[in-house]
Peer 1: 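Let me give you the structure first, and then I'll get to my questions.
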Amino acid sequence: AAISVASADVSVYGTVYVRATLQDSKLGLENGSNSRFGFKSTTDLGNGNTVSGGIEVGFDASDGQISSGKTGRLGHITYAGEWGSLRLGSAWSVMGTAQGHACPGLGQACGGSVNYQSRVADAIILKTSVGGLDLNGQVELDGGDDLAGWAISTGIDVGPISLGVGHRDYNTGSNNIVGASATIAGVGLGGVVS
């Protein structure tokens with residue numbers, strides 16, 4: 001009997017943020033934000049379909065400690081094609097669609113907006129697009145009889161204007177968000193109502 005092993009190219013990436021501090025004549029080091037390293041890979045399945053995976057680990061660059069927490073970083077498997085994508089694991093929330101449309105040129109990095117939700121754990125996320133309109137949904141599982149939460153979002157670019165809307169329902173409440181932005185003469189303007 002022979003055993004076949006399929007392999008894919010794996011990319012390694014990372015970012016290190018560390019800063020020196022001087023306070024009361026004491027020199028120290030502290031972690032900047034979002035130090036991380038990760039591994040990702042994509043395999044072509046043919047007919048325009050791919051399967052990919054990623055594992056990302058956050059750490060404190062000043063002392064080397066690994067960050068912990070369910071949504072500290074990313075870890076997922078994604079099946080994608082011309083129809084959209086289906087992602088399982090810890091990933092960016094679909095609420096980022098509405099938030100991203102409010103931050104010209106920043107996309108998911110719109111972390112200062114009200115009720116910002118970046119990553120979700122134990123999630124199943126479906127994303128597709130119809131005629132330029134993004135349609136996204138996610139469910140967050142908790143291992144019990146109920147869902148930990150669910151969310152839907154949509155977004156579209158109409159000329160220079162970008163619009164996004166999202167709704168998230170979770171164990172302790174719900175959240176609605178509407179975002180809009182435009183780039184005028186090279187200056188990005190955006191806003192979020194939550």
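Every value quoted in this text rests on a predicted model; they were computed, and no experiment measured them.
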Peer 1: Who passes side chain to side chain contact (heavy atoms under 4.5 Å, CB included) against Ser129, sequence neighbours left out?
Peer 2: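 Ser129: side chain to side chain contact (heavy atoms under 4.5 Å, CB included) contacts with Asp134.
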Peer 1: Quick one: CD on Gln138 to OG on Ser93, what's the gap to the nearest 0.5 Å?
Peer 2: 4.0 Å
Peer 1: Can you name the ring-ring contact (aromatic ring centres under 6.0 Å, His included) partners of Tyr79, sequence neighbours left out?
Peer 2: Trp83
Peer 1: Measure the spacing between CZ of Arg87 and NZ of Lys127 and express it to the nearest 0.5 Å.
Peer 2: 6.5 Å
Peer 1: Measuring from Ile77:CD1 to Ile55:CD1, what's the distance to the nearest 0.5 Å?
Peer 2: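 The distance works out to 8.5 Å.
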Peer 1: Using every non-hydrogen atom in the two residues, find where Ser41 and Asp9 come nearest and quote the distance to one decimal.
Peer 2: OG-O, 2.8 Å
Peer 1: With Asn136 as reference, evaluate Val94, Leu126, Ile125 under the side-chain contact (heavy atoms from CB on, under 4.5 Å) test and give the passing residue.
Peer 2: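 Testing Asn136 for a side-chain contact (heavy atoms from CB on, under 4.5 Å) against Val94, Leu126, Ile125 leaves exactly one candidate, Val94.
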Peer 1: Any ring pair (Phe, Tyr, Trp, His ring centres under 6.0 Å) involving residues 173-194? Give me the pairs, sequence neighbours left out, ordered by first then second residue.
Peer 2: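 Found none.
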Peer 1: Would you please test Lys40 and Glu56 for side chain to side chain contact (heavy atoms under 4.5 Å, CB included) and show each step?
Peer 2: CA-CA 8 Å; Lys40 58 185 175 181; Glu56 189 173 87; over 6 Å; no
Peer 1: Consider only side-chain heavy atoms of I, L, V, M, F, W and Y, link residues closer than 4.5 Å, and tell whether Tyr17 and Phe59 are in one cluster.
Peer 2: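 No; tracing contacts between hydrophobic side chains, which count when under 4.5 Å, never links both residues.
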Peer 1: Under the side chain to side chain contact (heavy atoms under 4.5 Å, CB included) test, which residues partner Leu133, sequence neighbours left out?
Peer 2: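 Leu133 satisfies side chain to side chain contact (heavy atoms under 4.5 Å, CB included) with Leu135, Thr154, Ile156 only.
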Peer 1: Does either side chain, that of Asp157 or that of Ser162, offer a donor lying less than 3.5 Å from an acceptor on the other one?
Peer 2: yes
Peer 1: Does Leu22 belong to the same Ile/Leu/Val/Met/Phe/Trp/Tyr cluster as Val18, with side-chain heavy atoms less than 4.5 Å apart forming each link?
Peer 2: no
Peer 1: For Ile152, which residues count as a side chain to side chain contact (heavy atoms under 4.5 Å, CB included) partner, sequence neighbours excluded?
Peer 2: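 Scan of Ile152 (side chain to side chain contact (heavy atoms under 4.5 Å, CB included), adjacent residues dropped) gives Trp150, His167.
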Peer 1: Not counting sequence neighbours, which residues clear side chain to side chain donor-acceptor pair (under 3.5 Å) with Asp60? List them please.
Peer 2: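 Asp60: side chain to side chain donor-acceptor pair (under 3.5 Å) contacts with Ser62.
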Peer 1: Heavy atoms only: give me the nearest His76-Ala91 pair and the separation to one decimal.
Peer 2: CD2-CB, 4.3 Å
Peer 1: Testing the basics here: between Glu140 and Ala121, what is the closest heavy-atom pair and its distance to 0.1 Å?
Peer 2: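 Result for this residue pair: CB-O, 4.2 Å.
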Peer 1: Side-chain contact test, heavy atoms from C-beta onward, threshold under 4.5 Å: evaluate it for Leu74 versus Trp92 and give yes or no.
Peer 2: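 Yes, close enough: below the 4.5 Å cut-off.
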Peer 1: Where do Tyr13 and Phe39 come nearest, in terms of heavy atoms and distance?
Peer 2: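 Heavy atoms of Tyr13 and Phe39 come nearest at CE2-N, 3.8 Å.
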Peer 1: Can you tell me how far apart OG1 (Thr128) and CD (Glu82) are? Round to the nearest 0.5 Å.
Peer 2: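 Result: 11.0 Å between the selected atoms.
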Peer 1: With sequence neighbours left out, what residues match Asp44 under side chain to side chain donor-acceptor pair (under 3.5 Å)?
Peer 2: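 For Asp44 there are no side chain to side chain donor-acceptor pair (under 3.5 Å) partners, ignoring immediate neighbours.
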Peer 1: Per the salt bridge (charged side-chain N to carboxylate O under 4.0 Å, His left out) rule, what does the pair list look like for residues 12-22, sequence neighbours excluded?
Peer 2: Arg19-Glu30
Peer 1: Find out whether Thr50 and Leu45 are in side-chain contact, i.e. whether some heavy atom of one side chain is under 4.5 Å from a heavy atom of the other.
Peer 2: no
Peer 1: Checking Ser52 now: which residues fulfil side chain to side chain contact (heavy atoms under 4.5 Å, CB included) with it, not counting sequence neighbours?
Peer 2: Thr42, Thr78
